[in-house]
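To start, the structure itself, in structure tokens.
Here the structure is a predicted model, which is why all the values come from computation and not from measurement.
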Amino acid sequence: MSNDVKITPEIVKQHGFTEEEYDKLVSLLKREPNYNELGVYSVMWSEHCGYKNSKPLLKTLPTKGPLILQGPGENAGIVDIGDGYAVVFKIESHNHPSAVEPYQGAATGVGGILRDIFTMGSRPVAMLNSLRFGSLSSEKTKRLFRGVVKGIGDYGNCVGIPTVAGEIYFDPIYEDNILVNAMCVGLIKKENIVRATASGVGNHVLYFGSTTGRDGIHGATFASEELSEEGEDKRPSVQVGDPFTEKILLEATLEIITAGLVEGIQDMGAAGLTSSSCEMAARAGTGIQMDLDKIPKRADDLTAYEMLLSESQERMLAVVTEEKLPQIMKILKKWDIYGVVIGEVTDTGYLKVMHKGEEAANIPVSSITDDVPTYTRPVVRPLYLKDIEPVPELKIEDYSKLFLQMVKDPNIASKSWVFAQYDYMVKTDTVIPPGKSGASLVRIKGTKKGIAVTTDCNAAYCYLDPKKGASIAVTEAARNLASIGAKPLAVTNCLNFSNPEKSEIYYQLAKCIEGMSDACKVMDTPVTGGNASLYNETNGRPIYPTPVIGMVGLVEDIDKVCNASFKQDGDIVYLIGETQNDLGGSLLVKILTGKVLGDCPDIDLDKEKKTIDSVVSLIQEGLLSSCTDVADGGLLIAIAESCFGGNIGVKINYTPDLSSEAILWSETQGRYLISVKPGNAVKVEEFLIGQGLSISKIGKVGSRMLQFNDLIRMPVQAARDIYFSSIESKLEGQDKLNGA
């Protein structure tokens, strides 16, 4: 039996403990742990579950607000949207699993985040993702990219949840550590909200869903260590998903919750049965006793250690009363789902586990969840920030050729190859689909309201200035929502960083959280939870700090929304905001030099907030024909994408006192490109000027040509063809521009 394994210093080290942490564990137990207990603490004290490096920093984030019904500490956050409805949402990472097994890693990431949402009693209505890969010229990247996209698409499509938005970046820095962040958004009536608590001494602990196998054992620990060249050996730590089981599990769970039959419920995600039982008991201040012999298994020889740590997918743990148990079992039988009582709630405050008539583990719940070792490290500015090169003098001989080079760059080119594999119209509630704007919109049936969703993060900015870069990630997400007419409401985050034990990485983490906090306070978008994914580095090569922001917003009337596409000839084109010489960290400089150079753009949070509110007001008044914020690639790329979306031309005349490079490609923050019918022009100008904001008339929609001053003039269709075919061409080893 696993209990007979002798605990040696080598075994302790293999479980991820430092000497000091193990000494603390022994002190808490007042004895040596057995092998099963060591495994339990290993996963629950890992970074992935215990947040031991990030928890002290995360406490500084704003988490409360008048609309927040549930902040951090539950399976997902909840924000009130009025009329008895609430939005439930969360983002999480599946980075390491996807790096070694892209299809299953991505698929089970989708399955896990779906369960976080419907476990709260909420029906999922939309999926999003945020993905990072190495260079698309790399065969390894192509393999990982295809696998991840197929995994996301297959799982979401089978369950029937539309994947409506997201973002994808390619950079060699992610070659060995891809990032796969999955976000889910659900809708719920407030009276149906249920929490993950093990309340009521004597109540049954009910296991239902799939059987337990050996897949995913130590998955949480795997996610809390650096990858290595031996990463392929970690395949057993990657779970295997079954979306068809997930679908019936979703329907059965929602039927049980809506009928008011559970006292508490949680899915078995990271750390499986261990985390769900411990966390539910901790929230209620109770204990749990379980008999592992009652658990349905895929193999008869599973040990207690394996059952406690398995991360087999599509499994749930619920606390139910004796009187309601028959009704639940009837529902599970209807859906052909296995369910069995495996234990009961106790008043001991302990997790007691029996296996084959013997005590396999007996440990205080609080020591597992509340006594996780935490580390607050010195925040010392790293040396690399002193050595970043300034933006060099840029010599551009052919602006049109460079423009086409940018249009075909995978970080700008259309991601239509990706979202064509997602059923983003299933359920027919998608009002603004992927690719039309920086955010997407899903209607709420029976109302005029819509839920707006987006993910965003420019990691290059966070590398150059972690605090400022994270603030920009928040405001960029808010601008995405505002550009379709949605009021930003709340944030979930996925903090993708390298090894926090290294001083420069801890600095990045601390400063990014500080910048995020500052921006969320001004934007009035509290943080309701999220995920910290650290140790994203291989053989000492770290990724860029990538604090992905998932944001939800509300549209009161879905008939009054906007997208990025120019609509009709004669519309007047305006730029909201002033352009500065902000080429540091820009896509232009990266393409020309292959490096991230210069200073991160400045950001004025108060002006950002005022501009966001103003843009939302203009769209709600029906005064704008199109709207998009100016982001990666600067004004020229924003103009081009607005032309491509409407397949229509534009003539721009914009000549501030800046270099041509800055005019075209500066990434100054807080700017919006809008088009307006001539009859609405005066109202728009007067409103924005009255708000103290800058507005410049820069052109007119029309013809089939894209013309920008005397620098760019070409048929829209020529650039559009490259924009929409570039990624697929690169995957096929072809390139339609210069054969490169």
* To do: Apply side-chain hydrogen bond (donor to acceptor under 3.5 Å, both in side chains) to the pair Arg146 and Gln421, showing each step before the final yes or no.
  => CA-CA 11 Å; Arg146 289 190 183 100; Gln421 300 179 59; over 6 Å; no
List in chain and number order the residues that pass ring-ring contact (aromatic ring centres under 6.0 Å, His included) with [X], two or more places apart in sequence or in another chain; answer none if no residue qualifies.
X	result
Phe17	none
Tyr506	none
Phe145	Phe133, Phe170, Trp417

* To do: Determine, stepwise, if the pair Val240 / Gln313 fulfils side chain to side chain contact (heavy atoms under 4.5 Å, CB included).
  => CA-CA 7 Å; Val240 178; Gln313 296 291 283; over 6 Å; no
* **Test log, rule side-chain hydrogen bond (donor to acceptor under 3.5 Å, both in side chains), inputs Asn536 and Ser498** => CA-CA 4 Å; Asn536 289 291; Ser498 300; over 6 Å; no
If we ignore hydrogens and angles and just use 3.5 Å, is the side chain of [X] paired with the main-chain N or O of [Y] as donor and acceptor?
X	Y	answer
His15	Ser42	no
Thr528	Thr492	no
Thr454	Gly438	yes
Thr212	Met307	no
Asn53	Pro500	no
Ser93	Asn95	no
Glu314	Asp242	yes
Glu37	Ile363	no
Ser533	Asn496	no
Ser210	Arg315	no

How far apart are the closest heavy atoms of [X] and [Y], and which atoms are they?
X	Y	result
Leu187	Val125	CB-CG1, 4.1 Å
Ile117	Phe89	CD1-CA, 3.8 Å
Thr163	Tyr424	O-CB, 3.1 Å
Leu114	Met127	CD2-SD, 3.7 Å
Gly584	Tyr461	O-CE2, 4.0 Å
Ala106	Val148	CB-O, 3.5 Å

* Asked: Do the ring centers of Tyr384 and Tyr463 come within less than 6.0 Å of each other?
  ->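 Aromatic pair counts; centres sit under 6.0 Å.
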* Can you name the residues that form a salt bridge (Lys or Arg N to Asp or Glu O under 4.0 Å) with Asp154, not counting sequence neighbours? ->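 Asp154: salt bridge (Lys or Arg N to Asp or Glu O under 4.0 Å) contacts with Lys150.
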* Quick one: salt bridge (Lys or Arg N to Asp or Glu O under 4.0 Å) partners of Glu139, sequence neighbours excluded? ->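 Scan of Glu139 (salt bridge (Lys or Arg N to Asp or Glu O under 4.0 Å), adjacent residues dropped) gives Lys142.
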How many angstroms lie between atom [atom1] of [X] and atom [atom2] of [Y], to the nearest 0.5 angstrom?
X	Y	atom1	atom2	result
Ser275	Met268	OG	CE	9.0 Å
Glu608	Glu476	CD	CD	9.0 Å
Ile543	Ile178	CD1	CD1	11.5 Å
Thr108	Arg115	OG1	CZ	8.5 Å
Cys600	Leu385	SG	CG	11.0 Å
Thr546	Tyr169	OG1	OH	10.5 Å

Would you call [X] and [Y] a side-chain contact if the rule is heavy atoms closer than 4.5 Å?
X	Y	result
Glu246	Tyr155	yes
Val88	Val185	no
Ile193	Gln70	no
Glu74	Arg195	yes
Ser54	Phe497	no
Pro547	Asn493	no
Ile513	Thr60	yes
Cys520	Thr525	yes

* Determine whether more than 12 heavy atoms belonging to other residues, nucleotides or ligands lie under 6.0 Å from atom NZ of Lys595. =>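 It does not: Lys595 NZ has 12 such atoms or fewer within range.
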* Before giving the answer on side chain to side chain contact (heavy atoms under 4.5 Å, CB included), spell out for Leu38 and Leu25 the whole-Å C-alpha distance, their side-chain angles and the decisive distance to 0.1 Å. => CA-CA 9 Å; Leu38 187 71; Leu25 167 54; 4.2 Å; yes
* Please walk me through it: do Cys457 and Ile549 pass side chain to side chain contact (heavy atoms under 4.5 Å, CB included)? -> CA-CA 6 Å; Cys457 177; Ile549 301 297; 5.8 Å; no
* To do: Please report the C-alpha distance between Val379 and Lys511 in whole Å, then the side-chain angles of each, then the deciding distance to 0.1 Å, and finally whether the side chain to side chain contact (heavy atoms under 4.5 Å, CB included) criterion is met.
  => CA-CA 8 Å; Val379 181; Lys511 287 298 180 180; 4.1 Å; yes
* Those residues that, when tested against Arg123, pass side-chain contact (heavy atoms from CB on, under 4.5 Å) (two or more places apart) ->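 Checked Arg123 against side-chain contact (heavy atoms from CB on, under 4.5 Å); matches are Leu250, Glu251, Leu254.
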Does a salt bridge link [X] with [Y], judged by any charged N lying under 4.0 Å from a carboxylate O?
X	Y	answer
Glu21	Lys24	no
Asp409	Lys590	no
Glu504	Arg381	no
Lys502	Glu537	yes
Glu167	Lys415	no
Lys467	Asp518	yes

* Derivation and outcome, side-chain hydrogen bond (donor to acceptor under 3.5 Å, both in side chains), residues Asn480 and Asp456 -> CA-CA 9 Å; Asn480 291 342; Asp456 215 293; 2.9 Å; yes
* Stepwise side-chain hydrogen bond (donor to acceptor under 3.5 Å, both in side chains) check, Glu501 with Tyr535 -> CA-CA 9 Å; Glu501 297 166 40; Tyr535 298 92; 2.6 Å; yes
